[in-house]
Amino acid sequence: MAIQHSDVLYTAVATAENGRDGRVATDDGKLDVVVNPPKEMGGSGAGTNPEQLFAAGYSACFQGALGVVARQEGADISGSTVTAKVGIGKNEDGFGIIVEISADIPNVDAATAKSLLDKAHQVCPYSKATRGNITVTLG
């Protein structure tokens with residue numbers, strides 16, 4: 001279910017100059033980076049790129065969702081990490097992205113880790129936003 005404007009607790013604001021070959025910065029100055037296409041896409045690869053920024057945001061958000069689920073389940077996820085791999089490639093409409101989410105959760109068994117990942121995927125705001133739009137696999 002979509003939230004309403006009155007439900008918003010925080011709004012991030014970022015402005016890009018020159019798209020994939022320029023700069024992106026937040027209005028509060030906490031993020032100000034050069035963006036360049038990766039070498040694999042014909043760019044210089046000198047700066048970061050939108051896929052890396054999306055992977056960073058998604059992995060952080062998913063780790064937060066994992067923490068919420070773990071607390072509800074009474075699971076110990078201390079020392080855990082979440083990795084998001086965001087791929088970009090050509091599709092019938094031009095370009096599309098695909099995401100792989102994986103986690104290392106050292107204090108739980110494999111079945112519990114899988115269950116926690118599945119549940120985190122249901123509550124993570126990034127997962128909700130991408131559901132039905134792009135392929136996201138959990139591993």
Do [X] and [Y] make a side-chain contact, defined as non-hydrogen atoms from C-beta onward lying under 4.5 Å apart?
{"X": "Val99", "Y": "Thr135", "value": "no"}
{"X": "Asp32", "Y": "Arg23", "value": "yes"}
{"X": "Pro50", "Y": "Arg20", "value": "yes"}
{"X": "Ser78", "Y": "Asn107", "value": "yes"}
{"X": "Phe95", "Y": "Met41", "value": "yes"}
{"X": "Ile101", "Y": "Val82", "value": "yes"}
{"X": "Phe62", "Y": "Leu138", "value": "yes"}
{"X": "Tyr58", "Y": "Thr130", "value": "yes"}

Worksheet item: Between Thr112 and Asp109, does any side-chain donor sit less than 3.5 Å from a side-chain acceptor?
Response: yes
Worksheet item: According to a 4.5 Å side-chain heavy-atom criterion applied to Ile, Leu, Val, Met, Phe, Trp and Tyr, with indirect links allowed, do Phe54 and Val35 form part of one hydrophobic cluster?
Response: no
Item to complete: Give a yes or no on whether Val108 and Val123 share a hydrophobic cluster (residues Ile, Leu, Val, Met, Phe, Trp, Tyr; joining criterion: side-chain heavy atoms under 4.5 Å apart).
Response: yes
Using modelled atom types and a 3.5 Å cut-off, is there a donor and acceptor pairing between side-chain atoms of [X] and backbone atoms of [Y]?
{"X": "Asn49", "Y": "Gly45", "result": "no"}
{"X": "Ser80", "Y": "Ile77", "result": "yes"}
{"X": "Ser59", "Y": "Ala55", "result": "yes"}
{"X": "Arg131", "Y": "His121", "result": "yes"}

Worksheet item: Between Pro106 and Asp104, which heavy-atom pair has the shortest distance, and what is it?
Response: CD-O, 3.5 Å
Out of curiosity, [X] [atom1] to [Y] [atom2], how far, rounded to the nearest 0.5 Å?
{"X": "Leu117", "Y": "Leu66", "atom1": "CG", "atom2": "CG", "value": "6.5 Å"}
{"X": "Asn36", "Y": "Asp21", "atom1": "CG", "atom2": "CG", "value": "5.0 Å"}
{"X": "His5", "Y": "Thr11", "atom1": "NE2", "atom2": "OG1", "value": "9.0 Å"}
{"X": "Asn91", "Y": "Ile134", "atom1": "CG", "atom2": "CD1", "value": "11.5 Å"}

Fill in: With Ala14 via side chain to side chain contact (heavy atoms under 4.5 Å, CB included) - residues at least two apart
Val24, Thr26
Discussion item. For residues 73-97, which residue pairs pass the salt bridge (Lys or Arg N to Asp or Glu O under 4.0 Å) check, not counting sequence neighbours?
Written reply: Glu73-Lys119
